[in-house]
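In each ligand, atom 1 is the first atom listed, and ligand 1 is the first ligand listed. Since we're looking at a predicted model, the values are computed, not measured.
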Amino acid sequence: MKVLGISGHYHDSAAALVIHGVPVAAVQEERLSRHKNDAGFPLAAIEWCLDHAHLSPDDLDAVVFYEKPTLKFDRVLTGMLQGWPGSWRGYPKAMKNMLGEKLWVRGLIASQLGISARKVRCIEHHQSHAAAAFLTAPTQEAAIITADGVGEWATFTVGTGHKRADGSTDIRILRELRFPHSLGLFYSAVTSYLGFAVNEGEYKVMGLASYGRPIWIEAMRKLLRPTRDGAFALDLRYFDFLGKVESGYSERFVALFGPPRKNWQPIDLKGAEGQRFADIAASAQALLEDVMVGIAARLRNETGMSDLCLGGGVALNGVANARILREAGFNRLFVPSAPGDAGCALGAALYADRILFGQPHKPVPDHPYWGPEPDEAALLRIAQEDGIPAIVSGSAIEEVADALAASKVVGWVDGALEYGPRALGHRSILAAPHDVAMRDRLNRDIKYREEFRPFAPVVAAEHADLFFELPPGGARLARFMSGVVPVRPEWRDRLAGITHVDGTARVQVLDREMEPRLHALLEAYGQRTGVPVLLNTSFNLAGEPIVNTVAEAYSTFCRCGIDLLVAGNVCVTKPRVVRAQILENVA
Ligand SMILES: [Fe+2]
């Protein structure tokens with residue numbers, strides 16, 4: 001069967017193609033449209049997936065959308081009526097939003113692709129999340145937790161999954177929590193209160209939390225209380241998910257925690273106000289972790305299963321993930337490379353293949369590289385046309401290792417684009433991880449972002465335990481950079497560029513078979529410095545999506561302080577005079 005999965009119309013639109021039970025292509029719309037977090041109908045992503053597999057829409061057996069729009073409309077309308085008259089401000093916008101394309105998505109997909117609407121199916125949002133987590137994981141049976149802001153009604157589910165010897169597959173959702181009681185919306189309200197953009201700034205809250213103390217946690221517990229059935233409930237007096245849709249918190253929230261941060265207000269961590277924001281971030285983070293660990297531990301006892309698969313946007317919280325692995329009793333924790341809504345495109349396609357159509361289970365290749373390949377020859381041509389030195393090197397790995405050891409910053413493009421928000425070695429900016437000067441240089445000259453946000457390391461799997469305190473199962477969690485773990489104290493000075501203020505790092509543990517070239521680069525760098533670890537950050541500037549093509553990589557290279565751009569065996573060096581001009585413009 002040929003099944004196309006689609007996510008879109010909320011945030012992080014994407015498409016994924018499954019043929020005969022195995023993924024062949026998946027890509028986020030933002031990587032092609034170049035609009036960060038593109039939420040539109042993912043036409044470019046669909047076209048690329050079909051082109052990649054040499055298919056036309058007629059060849060598809062089914063197209064599966066990642067949520068049920070009528071159920072979602074039911075939730076939006078019910079919420080508005082329940083919240084009336086307080087919800088009147090958000091009502092026109094919500095109705096216009098839903099009554100446009102979103103509600104009639106089956107017809108929209110059918111007309112955009114020129115196929116019969118009978119081929120278009122919709123599955124529930126949290127089924128898509130659960131499938132993205134469980135069906136891509138190398139496990140035969142697992143407990144499953146999904147947690148996000150909100151789908152149709154569900155915001156949090158617990159369940160189980162089985163892949164049986166006869167080829168059949170099932171995913172059972174045992175219980176679900178419904179809107180407006182949502183761990184994701186709780187965290188997003190805190191994100192908004194701290195002056196960051198919802199659905200994007202949650203990473204910043206996690207980074208800021210490391211600078212704070214959880215001294216507001218008792219106040220936070222007023223907002224989110226455990227319930228007797230093992231779930232939790234929000235005290236809705238502290239939130240406003242209907243009237244003030246953009247912020248999500250109420251006046252009562254402000255009365256409890258003080259004035260919110262304006263988005264333009266700098267965070268001075270040495271001042272009392274900056275420390276208050278960091279303490280509030282730390283308190284919200286600690287409460288989210290407590291809730292996740294508590295629910296995961298109960299699910300472990302209930303199911304007796306040794307593996308847990310985690311999906312939904314909350315699964316991007318690497319600090320919480322590491323605590324779940326350490327404390328909830330599971331042996332292994334699987335988080336896919338795209339646990340958020342983009343990953344639902346692949347989840348929906350796999351769910352339809354295995355469960356709606358009953359096709360036999362097949363192992364899914366255990367890597368995140370499902371997008372477009374770069375064109376190295378195009379980079380050579382573009383750079384030469386621009387008069388910038390470019391060569392085809394027979395020993396690119398050795399030359400890049402030399403450059404990194406000499407404190408050069410490298411733009412690294414290699415192989416198919418990652419699926420999900422993290423650069424996992426195919427569209428990365430790489431640098432030496434040893435000192436804070438490099439971290440500050442990357443923040444100032446390249447990423448143009450807040451100083452409190454940490455950079456992540458990548459380490460060869462066979463050396464990971466030497467540098468990082470990985471719990472049992474931690475290497476697997478770190479395969480897609482999904483866990484934050486302590487840097488071993490004796491290495492923190494030599495890994496200061498990637499060690500966060502609390503001594504931790506969001507490490508990627510790299511298996512040779514998953515990415516042999518980056519693994520070879522880590523080995524070559526280790527031979528030069530004694531430390532086979534590199535700083536690895538996504539290849540983009542602040543506010544832009546991760547680069548896809550070599551032309552986009554070259555454009556980014558030209559606009560920031562990257563010294564060397566490498567795509568496969570093509571190496572482009574920035575002349576010193578050009579670099580000086582760029583840095584002058586930045587300053
Ligand atoms: Fe979601």
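Note on ring orientation: taking the six-membered ring where Trp is involved, the planes of His426 and Tyr369 are parallel (angle under 30°, cut-offs 30° and 60°). Ring geometry, Trp216 versus Phe257: the interplanar angle falls from 30° to 60°, so the pair is classed tilted.
Taking backbone and side-chain atoms together, Cys344 has no N/O/S atom less than 2.8 Å away from the Fe ion (ligand 1). The Fe ion (ligand 1) has no N, O or S atom of His126 under 2.8 Å away, backbone or side chain.
Among Arg332, Gln140, Arg300, the single residue meeting the side chain to side chain donor-acceptor pair (under 3.5 Å) criterion with Asp307 is Arg332.
Remark: Lys222 fails to qualify as a cation-pi partner of Phe253 under the 6.0 Å distance and 45° angle criteria applied to the six-membered ring.
Geometry note: the Fe ion (ligand 1) is the vertex, Asp341 OD1 and Asp148 OD2 are the arms, and the angle is 170° (rounded to 10 degrees).
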